[in-house]
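Here's the structure, in structure tokens; my notes come after.
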Amino acid sequence: MLMYLAAPYSRVADKHIFMEKFMKFSARYMMEKRVHIVSPLFNHYSLIHVPEMETDWNAWGAYSEDLLTRCDGLIVLCLPGWKESSGVQAEIDIANKHGILVSFIDEQEYNTYNR
């Protein structure tokens with residue numbers, strides 16, 4: 001199974017720490033659930049080296065939709081700001097529009113993968 005992993009990102013204060021935890025979660029979740037994980041956030045991390053590129057939904061929406069519609073499911077990390085995130089909400093809408101399974105992981109479960 002190919003799963004798309006979504007989380008709020010644009011307003012994260014410390015992107016380095018966030019991405020370390022995000023990648024650790026992704027790797028451990030993949031191993032435990034035996035699924036493959038993709039996410040545009042893996043590309044966003046490289047943007048630290050290209051600060052003039054934007055990180056919001058307006059800049060990444062088309063890319064994210066193309067990637068998401070190729071996946072079997074959407075996993076939403078319900079971290080602080082996920083309900084306010086235009087990107088996460090758009091990803092949920094896209095998944096629903098295309099009949100893609102959406103699952104939610106709360107912050108407590110997310111943290112169990114980051115010990």
[X] to [Y] - nearest heavy-atom pair and separation:
| X | Y | result |
| --- | --- | --- |
| L79 | E107 | CD2-CG, 4.0 Å |
| P80 | P8 | O-CG, 3.5 Å |
| Q89 | W82 | NE2-O, 3.0 Å |
| L41 | A7 | CD1-O, 3.8 Å |

Donor-acceptor under 3.5 Å (S85 side chain, G81 main chain):
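Pair absent, no side-chain N/O of S85 close to backbone of G81.
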Under a 3.5 Å distance rule, please check whether D72 uses its side chain to pair with a backbone N or O of M1 as donor and acceptor.
no
Would you mind reporting whether [Y] and [X] have side-chain heavy atoms less than 4.5 Å apart?
| X | Y | value |
| --- | --- | --- |
| I105 | Y29 | yes |
| L74 | S103 | no |
| V88 | V76 | yes |

Return the [atom1] to [atom2] distance between [X] and [Y], rounded to the nearest 0.5 Å.
| X | Y | atom1 | atom2 | value |
| --- | --- | --- | --- | --- |
| Y110 | L77 | OH | CG | 6.5 Å |
| M3 | K33 | CE | NZ | 10.5 Å |
| M31 | I37 | CE | CD1 | 12.0 Å |
| T112 | R28 | OG1 | CZ | 9.5 Å |
| C71 | L2 | SG | CG | 4.0 Å |
| M23 | S39 | CE | OG | 11.0 Å |

Has E109 got more than 12 heavy atoms of other residues, nucleotides or ligands less than 6.0 Å from its CD?
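Above 12, so yes.
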Could you label the plane-to-plane angle of the Y113 and F25 rings as parallel, tilted or perpendicular, counting under 30° as parallel and over 60° as perpendicular?
perpendicular
Sequence neighbours excluded, which residues qualify as salt bridge (Lys or Arg N to Asp or Glu O under 4.0 Å) partners of D66?
R70
What donor-acceptor contacts under 3.5 angstrom involve side-chain atoms of residues 90-102, with partners at least two apart or in another chain?
unit_1 : atom_1 : unit_2 : atom_2 : d
E91    : OE2    : Y4     : OH     : 2.5
N96    : ND2    : I92    : O      : 3.3

Report the residue from F22, W60, Y63 that forms a ring pair (Phe, Tyr, Trp, His ring centres under 6.0 Å) with F42.
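Exactly one candidate clears the test, F22.
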ILVMFWY cluster, W57 and V50 together (side-chain gap under 4.5 Å):
yes
